[in-house]
Amino acid sequence: MTDRILLAHGSGGELTHRLIEELFLQYFGNPTLNELYDSALLKINGQRLAFTTDSYVVRPLFFPGGDIGRLAVCGTVNDLAVSGATPLFVSAGFIIEEGLEYETLKKVVASMSEAAKEAGVLVVTGDTKVVEKGSADKLFINTSGIGVADERFHLGYKKISPGDKVIINGTIGDHGIAVMTARGDFGITLEVKSDSAPLNQLISLIADDPNVASGVRFMRDPTRGGVATTLVEVAEKGLLDIVIHESSLPILEEVKSASEMLGIDPLYSANEGKVLIIASKDAAENIVSLLRTHPLGREAMVIGEVKEGRGGGVFLNTTFGTRRRISMLTGNMLPRIC
Amino acid sequence: MNLTSNYRSRDLVQRTAERLHKLASKIDGRLTFMEVCGTHTMAIAQFGIKELLPKTIRLVSGPGCPVCVTPNEYIDHAIGLAGLQNSIIVTFGDMMRVPGSSSSLERERSKGRDIRVVYSPLDILDIATKNPSKEVIFLSVGFETTTPTVAAIIKQVVKEGLDNISFLTANKLVPPALEALLNGKTKLDGFLLPGHVSTIIGGKAYLPIINKYKIPSSIAGFEPVDIMGAILELTKQAISGEAYLSIEYSRAVTMDGNTKAQRIMEEVFEPIDAKWRGIGTIEKSGLKIRDEYTNLDAALKFSVQVEETKEDKGCICGEILQGLKDPPECPLFGKRCTPKDPVGACMVSQEGTCAAWYKYRRVEHDR
Amino acid sequence: MCLAVPMRLESINGDVGIAELGGVKRKVGLTLIDDPKVGDYLLIHAGFAIQKVDEKEAKETLELLSKVVGRIDL
């Protein structure tokens with residue numbers, strides 16, 4: 001293992017996974033944690049609850065389609081929702097750099113309040129710390145969330161089997177590109193907005209329909225590291241292979257163009273309003289139709305399927321009939337000239 | 001017309017593949033074509049081109065990744081400069097993870113050095129004007145596609161009288177490398193020539209080599225149709241025993257190339273002997289900033305402690321870059337050297353032969 | 001090397017211009033090419049225009065290849 005923590009350790013890819021496996025699991029390991037689901041599923045006095053936490057350090061604080069506050073609330077709500085739980089309560093911890101403009105903090109908090117209302121959750125506890133100038137980059141937020149497990153869902157890596165379909169509710173890579181652009185490092189301008197949104201109501205639509213709810217095997221929101229990284233995680237944990245079809249991937253024209261210009265792959269770009277659903281072949285089409293009735297699922301698509309395999313193999317069928325392997329993100333996504 | 005999507009036509013790609021398979025029966029033994037462009041290595045891997053080719057056509061990657069052929073010393077030097085109190089190192093993204101003798105720019109950034117990634121040399125000017133008390137040092141690496149862009153910026157720096165910008169250069173030239181390859185041990189039946197380098201230097205730059213060595217050559221673009229079309233062209237030449245230059249990428253490449261860019265490059269840079277990682281020194285294959293612009297040469301402007309160069313003994317990047325061996329033949333490949341923990345540049349650069357092979361080849365094994 | 005994409009030149013401001021591809025815009029250097037005009041398709045590498053893209057040639061290359069490999073319609 002490395003002797004210093006690199007930015008890449010936080011990018012959600014290979015190094016992040018190694019850090020978790022080699023350090024955190026070594027010291028904290030227990031059956032619940034070891035599953036590394038988006039939320040921990042706990043049983044307390046007979047009631048199944050879901051509990052999750054996430055920290056937000058995005059730069060810049062405000063970007064088209066959202067801000068750090070919205071991300072913080074929606075991200076935690078989504079971690080609960082994709083674990084098959086109804087999100088109820090969130091906490092909000094702030095680490096503020098001395099000198100941050102009050103107006104900025106106010107805007108962020110207002111945005112969090114709005115997002116919480118949209119999601120139907122309450123901020124029930126919080127914390128505030130201020131650190132000296134230079135000790136934090138303007139503002140860091142941690143949110144934790146609690147929800148009640150929705151017994152209509154039966155999810156888990158072991159539930160996934162060959163033949164199951166992979167579904168996404170809309171265009172991929174929007175958030176990552178929007179933030180990269182907003183940072184201004186690469187001088188490109190485009191209209192892409194972050195897709196940051198709470199997904200619990202969209203997912204409830206599925207839970208409410210008994211015919212399809214029973215067909216859902218697994219869900220995850222493809223945040224850092226993008227769709228590619230999430231699929232590799234699932235394939236590795238589920239000991240199966242996954243094949244996705246390039247022609248089925250919903251991608252915004254601008255995201256495609258920006259990716260080509262900079263030499264990056266939208267499959268690795270973060271999403272904050274998307275859920276990958278793995279469902280039985282029979283339920284898949286109905287799930288897609290159901291998703292499409294909701295504003296957050298208008299462009300839902302079946303993008304691939306699960307196959308028998310040694311596990312960990314994710315493959316992309318290109319638009320001209322060839323196949324290439326998708327690996328986990330190594331290092332940060334950087335633009336290239338080559 | 002949509003310039004990209006038509007060049008990704010599935011039908012055209014498939015039909016070209018079929019035609020190649022038909023021709024394959026006429027091939028005596030096996031044909032080996034070399035591409036010398038990192039972007040081609042990437043594109044071939046991304047589009048799964050090798051899958052479409054008959055077994056009798058073998059594609060190898062040459063030293064076309066400027067990042068891969070940059071010696072350890074350069075990275076070490078850049079790291080030394082990053083250690084200066086008031087420096088801002090500005091680089092293309094490609095260089096961030098390249099291992100030097102003991103560290104990389106990425107690791108140095110984690111230690112607090114001011115190292116920034118840009119997409120364009122144009123962006124250096126902004127950084128310099130916004131940080132007048134800092135020394136902005138640009139890591140100029142690349143072939144003839146990129147060199148004119150740096151030359152243009154160097155001229156602008158002089159024109160605007162900005163005195164806090166300098167350049168650490170390791171730019172290289174493609175034709176001398178081609179000649180070195182043909183003089184070396186690699187057995188080649190054709191070159192897939194780099195489309196964008198050729199946009200600048202023109203088809204004329206390759207004629208002396210093609211005439212001397214009689215090697216089939218095709219300047220190819222980067223879309224699947226471009227690459228397949230060029231391979232088809234090379235195969236036809238090889239089978240018929242002919243050897244000439246074909247420009248498949250005619251929408252961007254002419255025989256003369258971009259003479260304005262060539263002039264600007266020549267105004268600012270002059271050829272010198274240069275060391276190619278793993279290959280050794282190739283005569284007149286590198287570029288150095290001319291005397292008139294010498295005050296912008298970071299190697300001369302600053303004096304820094306550079307650590308002693310260490311190369312990993314097991315790494316055979318050099319032989320891989322020359323197409324003499326395939327990645328699996330390297331003792332470190334997939335074991336000590338993986339994309340997550342790269343030893344040599346062939347693995348670290350996304351378009352390095354080993355990195356592309358590592359990701360792509362596993363498809364074959366897993367089927 | 002080298003990643004370059006064709007982009008449409010939207011506006012010119014001295015030595016630089018704004019080029020556009022599929023909704024994405026970026027400032028580009030124009031000093032490496034002769035006589036850029038708004039509406040030209042330029043090959044952009046590292047934020048500089050390195051050549052004009054010849055649409056006629058683009059079309060001809062495709063037509064020629066499709067004839068060679070026996071495609072009926074484009």
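Keep in mind that what you see is a predicted model, and the values were worked out from it rather than measured. The sequence lines fix the lettering, A, B, ..., with proteins before strands; numbering per chain opens at 1.
Counting only N and O atoms by type, the side chains of B:Gln14 and B:Glu18 include no donor and acceptor under 3.5 Å apart.
If you measure heavy-atom distances from C:Leu64 to chain B, you find no contacts under 4.5 Å at all. Heavy atoms closer than 4.5 Å to chain B are found in the side chain of C:Leu43, but not in its backbone. Looking at C:Lys27, the atoms closer than 4.5 Å to chain B (heavy atoms on both sides) sit in the backbone and in the side chain alike. Within the 4.5 angstrom heavy-atom criterion, only backbone atoms of C:Val28 (N, CA, C, O) approach chain B.
In this structure, the ring of B:Phe222 has its center less than 6.0 angstrom from the ring center of B:His196.
Taking chain B as the reference chain and counting heavy-atom pairs below 4.5 Å, the highest number among C:Asp15, C:Asp34, C:Val16 is found for C:Asp34. Ranked by non-hydrogen atom pairs under 4.5 Å with chain C, the options B:Asp123, B:Leu232, B:Ile200 are led by B:Asp123.
Under the 4.0 Å criterion applied to side-chain N and carboxylate O atoms, B:Lys260 and C:Asp35 are not assigned as salt-bridge partners.
B:Thr41 contributes a side-chain N or O that, together with a main-chain N or O of B:Cys37, makes up a donor-acceptor pair within less than 3.5 Å. Of the possible polar contacts, one joining the B:Asn258 side chain to the C:Ile50 backbone as a donor-acceptor pair under 3.5 Å is found.
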